[in-house]
Amino acid sequence: MALQIFDSKAQALRAFAPLEAGRVAIYVCGPTVQSAPHVGHLRSAVAFDIIKNWLTFGHSLSVKFVRNVTDIDDKILANAKDQSRDWLELAESVNQEFENAYSALGIATTAPEIQTPKATEFIAQMITLIELLIQRGHAYAATDGSANVFFDTASWPSYGELTNQKIENLEGEQDGSHGRKSPTDFALWKAHKSDEPDTASWQSPWGAGRPGWHIECSAMTHALLGESFDIHGGGLDLRFPHHENELAQSRAAGFDFANFWMHNGLVTIAGQKMSKSLGNGISAESLLASASASAVRYWLGSAHYRSTLDYSTTALAEAESALNRIKNFVRRASDVQTANGQTSGGVSGDRDAAEPTYPSAFIDAMDADFNVPAALAALHDAVRAGNSSLDAADTAAAASAAAQVTAMARVLGFEGALGDAASAGADRADEATVAKIDALVLARRQARADKDFALADSIRVELSELGVVLEDQADKTTWMWSN
RNA sequence: GGUGGAGUGGCUGAGCGGCCCAAAGCAGCAGCCUGCAAAGCUGUAAAACCACGGGUUCAAAUCCCGUCUCCACCUCCA
């Protein structure tokens, strides 16, 4: 089955074919680094990370992935002013928080195929693009003599094509014209304001100022991916006006622009969108403090990327339990292999081994517009089958199931958690503690052999207080950390 | 007012004309395992009249019409 992707411009599923055979170029709108990352940012980043993984691993495409960082914007300047900080320093520090959150979740930010350009690095390209738009009759310098430059929506008949809006139904900018000809015209270049720092101002043919929000993406896609590229992604809330305006600008400049548009659904809390005004936002920091990173990743994938995802502590706990089931299987399979004298690396994915095979149900699910919940079902099916194989002492079948599970987990991005599980408890504590635990486990084993169950139970309690959980098996006892 | 999305078991959440008397997970139940637990595993077991009312069809959770409820966007937003 071929890969189908829901193109939100066409509002339909379309068969995906790269513009250039074997390669795929993706541009995703990243954050405006104005304040700390929240769960919504993470959802978007994880969704597109999984998409990237499937194109890479599942379709063997060479992926070029760009996720921009908006580091100059009204909010950044306003927040910096409120906090009496330098805006560049604020942007840099918030960006660092984003990168920390991304790396905690296993979202690559530095891999060779990934680029994370900043808006301020592309001012020159934006100016060139604005000049081109003026030349082509789709943009104009402000009518009030300021350095503002606007996109002329009236000059672009297909304006509104992305979100199916008729221009007469749009309200447009109501807070004064600033030299606009029409309320729906949007800023390409914003004149420098006297109360804004000089460092937030660049010279341009129209006077000192800074870029409007939308132009950066048009300029960066052009500079990094060319006049046309395969997929443009971002959060659903960016469809209008941001993506609509990007599309208008880029097309009006003569570029084909994105072949597919993909929008991820928003995260709600108790059914409501999280927002600063409601004060119900969940920061990345508190999210990652409340559950393991891999559980967060599992949870973020537990609803289809286009569906609304509702946050709750129960949902995270469920994700943790579900993930544990997967981890336990991989660990059991690994234990059996190790016991059989095989290399323990065999189960958890030998990189030199042949390309992993995915169950057909997993492939079908991922090819159906990246249906991760259905893909997780396929993964759990493999876990159940693998467990049955272990119970039946069919180690070959179990190893094969474990390899498949690991391969699927790699696509979904929580493969790391499986490795941890396979290596039991080490590296969470110093060697002395581990040695002590091992000694206690052995002592309890001896006590049980001696039928001194009172002693055995007291040792179990002692270990429990150290945060250690025991698992008695027929011929041995293994231990792991209790969470 | 305009544009789009959603309502599926106790919970999360797929499915979007026949393979659906509806996947998977969580919770629960039963069994296995165990000195007892915990953890783990298994399940020919149990649990959903797929918001409501009509209609189309040989066949509807899935298509059409109407109704109700909820959410998002309409120039700050992932």
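The chains referred to below are lettered A, B, ... by the order of the sequence lines, with proteins before strands, and numbering in each begins at 1. Small disclaimer: the values here were computed from a predicted structure and weren't measured.
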Margin query: I want to verify a distance call: between B/rA78, B/rU75, B/rG4, whose nearest atom is closest to the A/C29 side chain?
Written below: B/rA78

Note to self: Checking A/K193 now: which residues fulfil side chain to side chain contact (heavy atoms under 4.5 Å, CB included) with it, not counting sequence neighbours?
What the structure shows: A/D195, A/E196, A/R210

Next item on the list: Would you give a per-nucleotide map of nucleotides 30-41 of chain B, 5' to 3', where B means the base has a protein non-hydrogen atom under 4.0 Å away, S means only the sugar-phosphate does, and - means neither?
Entry: -----BBBBBSS

Checklist line | side-chain N/O A/S307 vs B/rA14 OP1/OP2, d < 4.0 Å | finding: yes

Check: Only one of A/E244, A/H243, A/K9, A/Q11 clears side-chain hydrogen bond (donor to acceptor under 3.5 Å, both in side chains) with A/T163; which?
Finding: A/E244

Next item on the list: Look at A/H41 and B/rA78 and indicate whether a side-chain polar atom (N or O) is within less than 4.0 Å of OP1 or OP2.
Entry: yes

Notebook entry, point to check: Which of the following nucleotides, B/rA23, B/rG25, B/rA78, is nearest to the side chain of A/A322?
Noted result: B/rG25

Notebook entry, point to check: Mind checking who B/rA6 pairs with, Watson-Crick or G-U wobble, both distances under 3.5 Å?
Noted result: B/rU69

Note to self: Using ring centroids (six-membered ring only for Trp), state whether A/W299 and A/F414 fall under 6.0 Å.
What the structure shows: no

Notebook entry, point to check: According to the Watson-Crick and G-U wobble definitions, with both distances under 3.5 Å, which nucleotide is paired to B/rC63?
Noted result: B/rG55

Item checked: Nearest-Å distance once atom P is located in both B/rA6 and B/rA51 -> 12 Å

Next item on the list: Would you indicate, yes or no, if B/rG4 has its OP1 or OP2 atom less than 4.0 angstrom from a side-chain nitrogen or oxygen of A/N164?
Entry: yes

